Structures are given as C-alpha cells and as structure tokens.
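Here the structure is laid out as structure tokens; the discussion comes afterwards.
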Amino acid sequence: VSLLDLLMPPACAGCGRSGTLLCSACHRTLRQLDAGLDRFVAPDPGVVAGDALLLALAAFAHEGPMRRAVAALKYTGVARLAPILAHASAAVLDPLLGISGRNAKLVPVPVHAERLRARGYNQATLLARSLARERRLPVVESLVRVRPTTKQHRLNRTARLHNLGGAFAVAQSVPTPRVAILVDDILTTSATLEACASVLLQAGCEAVYGFAIAREV
Ligand SMILES: [Zn+2]
C-alpha cells in the first residue's frame, strides 16, 4: 500500500465505492464476449483497404463498469487500472496465441507524441506490458503515430480508414516482429488495427493479429 493510497484511498472506477480501483461487485458484472463470431472481428467485406489484419479479438463488452474503467485509464490518469484490466482479460488472449503461435510479439497501438505528453502515458502500451507479464510475451513498440487524427467516434469504418491514412509508421531502430499482436484498449470497427497492420506488413511483418480489452457491441 502506497502512501498515496493511505492519504487518498482509491475509488472503484466502475461504481465509485472507496477501497479498490475495480471492486469485486463491478468485476462480476463485466460481460465477457462469448467465443465465436461475437468475439472475432474480421474486416468488413467490401472494404477495399481491409485485408491486412488477420483476426482481432476482444475480451469484454465495452459497457457499464468496463466502459468507465477504460475511460478512467484513458482520460483521468488512472494508470494503475492497466494491470487490473490486463489480468482480467489475459485468459482471452490464449486462443489468439493458439492461432498466432508463441513467437508473436505484442505491439501497442501508438498515440501521437502530443497526446503522450498530455496524458503522460500510452494506455495501450501499459496494457501491452501488463499482458506481456501475464503471459511472458515480448512487447515491441514497433509503431509510431506520425500525425494526430481527428476524433473517430462519429465516423463509419470507411471514413475511419481514410482518416487514419498515413497516421502510422514503423519506429526507427525498432525491429519489426515477424508475427505481431496489436494491443489496444477498445475495438470499434477495427479500422485503427487495420491501418497499423498494413504498415507492419509493408515493413516485412508476416502476420498481424489484434487484441483489445473491450469491444463496442
Ligand atoms: Zn465498483
């Protein structure tokens, strides 16, 4: 227990109750996405720039306490939620590792340097590092976001892909993994993962998968 926790006990990101960052009552309400089609998101048919990402998988529905926990991690600086969310979702990474093979490396979806400065961290990097500890996997920050993108939540998938064109590049002096699992907090249309995947493939990566803590359902 840190001094800060004694002075200011943590509040549950889901319900606000004092004591833990995510209380057991909220934890029990997290809805795991069922195996099968609900969990696996393939790129939409008919989207031209949609064939780089092989498969993406998300652990929980992005709703209720999970939605609030992801928002707290992302927008209010509660970085310590990352290991909690990663621990809760690590078991869902296993079927993906079964497909990708154990040589896969985790690659966080990057944020732009401006946002990194404002936020102090990239939530996807924190999640990737925590997942890596859970499953003894390497993390490589192979991607950078070279230009900021406009907020995407009102755009459809085609508009998102257009919005993301040229947004990502491979990081200088960081080797591109042969097999990559992109890690992000939320999966919506998979346009972000798709844009990242195509950059990795162009840099010599052979297979790109995606993993998110929560999925918009
Ligand atoms: Zn709670």
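Keep in mind that what you see is a predicted model, and the values were worked out from it rather than measured. Here, residue 1 is the first one in the sequence, and each next residue gets the next number.
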**Report entry** Interatomic distance, Asn163 atom CG to Thr158 atom OG1 [nearest 0.5 angstrom]
**Finding:**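 Output value for this atom pair is 12.5 Å.
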
Query raised in the report: Nearest 0.5 Å, what's the CZ-NE2 distance between Arg119 and His112?
Result: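 Arg119 CZ to His112 NE2: 13.0 Å, rounded to 0.5 Å.
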
Measure across [X] and [Y] and return the closest heavy-atom pair with its distance rounded to 0.1 Å.
X      : Y      : value
Ala88  : Gln32  : O-NE2, 4.4 Å
Leu81  : Ala13  : CD1-CB, 3.8 Å
Pro10  : Leu21  : CB-CD2, 3.9 Å
Phe211 : Ser89  : CZ-O, 3.6 Å
Leu53  : Ser190 : CD2-CB, 4.2 Å
Pro175 : Ser173 : CD-O, 3.8 Å

[X] (side chain) donor-acceptor with [Y] (main chain) under 3.5 angstrom:
X      : Y      : value
Glu194 : Ala52  : yes
Arg160 : Leu155 : yes
Thr189 : Ala191 : yes
Arg145 : Pro110 : yes

Are the side chains of [Y] and [X] in contact, using a 4.5 Å heavy-atom criterion?
X      : Y      : result
Val107 : Ile181 : no
Leu187 : His62  : no
Leu182 : Leu143 : yes
Ser142 : Val170 : no
Glu216 : Arg67  : yes
Pro65  : Leu30  : yes
Lys74  : Asp185 : yes
Leu73  : Ile213 : no

Query raised in the report: With sequence neighbours left out, what residues match Arg147 under salt bridge (Lys or Arg N to Asp or Glu O under 4.0 Å)?
Result: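 Arg147 satisfies salt bridge (Lys or Arg N to Asp or Glu O under 4.0 Å) with no residue once adjacent residues are dropped.
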
Query raised in the report: Can you list the residues that meet the salt bridge (Lys or Arg N to Asp or Glu O under 4.0 Å) rule with Asp184, with sequence neighbours excluded?
Result: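 Partners of Asp184 under the salt bridge (Lys or Arg N to Asp or Glu O under 4.0 Å) test: none.
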
If hydrophobic clusters are built by linking Ile, Leu, Val, Met, Phe, Trp and Tyr wherever their side-chain heavy atoms come under 4.5 Å apart, do [X] and [Y] end up in the same one?
X      : Y      : answer
Ile99  : Val92  : yes
Tyr121 : Ile186 : yes
Val179 : Leu131 : yes
Phe60  : Leu97  : yes
Val78  : Leu127 : yes

Requested in this report: Report the residue from Val208, Leu96, Leu193 that forms a side chain to side chain contact (heavy atoms under 4.5 Å, CB included) with Leu55.
Outcome: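 Single side chain to side chain contact (heavy atoms under 4.5 Å, CB included) partner of Leu55 among Val208, Leu96, Leu193: Leu96.
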
Query raised in the report: Are Arg129 and Glu141 ion-paired here, with the side-chain N under 4.0 Å from a carboxylate O?
Result: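 A salt bridge links Arg129 with Glu141.
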
Report task. Would you please test Leu85 and Met66 for side chain to side chain contact (heavy atoms under 4.5 Å, CB included) and show each step? Result -> CA-CA 9 Å; Leu85 297 180; Met66 176 53 73; 3.9 Å; yes

Query raised in the report: Quick check: are there more than 12 heavy atoms from other residues, nucleotides or ligands sitting under 6.0 Å from CZ of Arg102?
Result: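 Yes, CZ of Arg102 has more than 12 neighbouring heavy atoms, counting only those of other groups under 6.0 Å.
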
